[in-house]
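Below is one structure, written out as structure tokens, with a few remarks after it.
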Amino acid sequence: MASEEQCSVPPRWRSISLTHVEYAADDLTGQVLACTSLLPIAILVGFVTLIVFKRELHTISFFGGLVLNEVVNWLLKHIFREPRPCEGAHGTLNTEYGMPSSHSQFIWFFVVYFFLFLYLRMHQTNNARCVELLWRHILSIFLLSVALSVSYSRVYLLYHSWSQVIYGGVAGSIIGVVWFFITQEMLTPLFPKIAAWPVSEFFLVRDTSLIPNILWFEYTVTRAEARYDQSLQNDCATLTLLNGCLGM
């Protein structure tokens with residue numbers, strides 16, 4: 001409980017600006033776009049969750065690319081040192097520099113890398129070719145709309161200019177392409193060896209790079225395991241019933 005002296009002379013408080021996004025009061029569009037601009041935070045949380053529960057090397061590499069992308073953005077900001085538009089409009093900012101937009105660079109890295117993963121890494125393993133292509137196209141359109149929305153939100157909310165958002169998107173896209181091919185051509189051949197390390201085995205880190213479609217593989221394995229368990233339970237129930245009948 002605070003003392004009277006602490007309350008009489010309040011300190012200068014600061015908010016954690018990681019999720020502190022401002023928008024004009026009574027602006028519904030600005031409120032929606034402010035929520036949209038927080039999607040990179042949600043993506044990071046999703047990656048951490050996937051790494052903790054899946055412990056798959058390609059996911060870890062994808063996350064490593066996102067971290068590298070953020071490091072490059074920080075370096076570019078401090079090289080160009082271009083101020084944000086409407087300087088002073090927002091009270092809480094991570095940095096006063098706006099070139100290039102970190103949100104735009106982040107989301108376009110994620111989307112471009114995911115595009116390449118979706119169309120080049122995941123391959124068809126069943127006969128539902130039309131359905132497979134349809135959901136990929138729908139997901140691609142959705143991701144593209146997300147990237148455009150996040151980029152536009154930064155301009156609408158006066159955090160960045162159009163040039164800062166565009167350069168951020170270009171930088172993120174280039175790094176996404178480069179990191180995808182580094183992962184595919186240089187890191188993926190090393191994944192089996194990394195997965196065999198004692199520390200990897202201790203933390204249950206796995207390599208699924210040789211599985212063409214991991215979603216289909218996990219689905220079929222889970223379904224087969226569930227059917228086997230159900231069959232085993234039925235056999236046990238039948239055996240119990242027979243033992244009961246013989247014992248009468």
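Sequence positions, counted from 1, serve as the residue numbers for this chain.
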message: Would you say the rings of Phe110 and Phe106 are close, in the sense that their centroids are separated by under 6.0 Å?
response: no
- request: For residues Phe62 and Phe117, establish whether the separation of their ring centroids is below 6.0 Å.
  value: no
- prompt: side chain to side chain contact (heavy atoms under 4.5 Å, CB included) between Tyr113 and Thr183: does it pass, once the steps are laid out?
  reply: CA-CA 11 Å; Tyr113 190 102; Thr183 301; 3.7 Å; yes
- prompt: Got a donor-acceptor contact below 3.5 angstrom from the Ser145 side chain to the Phe142 backbone?
  reply: yes
Polar side-chain atom of Arg55 near backbone of Ile60 as donor-acceptor pair, under 3.5 Å: no
- prompt: Pick from Val165, Asn73, Leu148: which one makes a side-chain contact (heavy atoms from CB on, under 4.5 Å) with Ser104?
  reply: Val165
task: Give a yes-or-no answer on whether the side chains of His160 and Tyr167 include a donor-acceptor pair shorter than 3.5 Å.
output: no
Would you mind reporting whether [Y] and [X] have side-chain heavy atoms less than 4.5 Å apart?
X      : Y      : value
Ser37  : Tyr159 : no
Leu66  : Trp179 : no
Leu187 : Ile194 : no

field: Candidate pair Val199 and Val205, rule side chain to side chain contact (heavy atoms under 4.5 Å, CB included), full reasoning
entry: CA-CA 8 Å; Val199 64; Val205 176; over 6 Å; no
task: Name the orientation class of the two ring planes belonging to Phe191 and His58 (parallel below 30°, tilted from 30 to 60°, perpendicular beyond 60°).
output: perpendicular
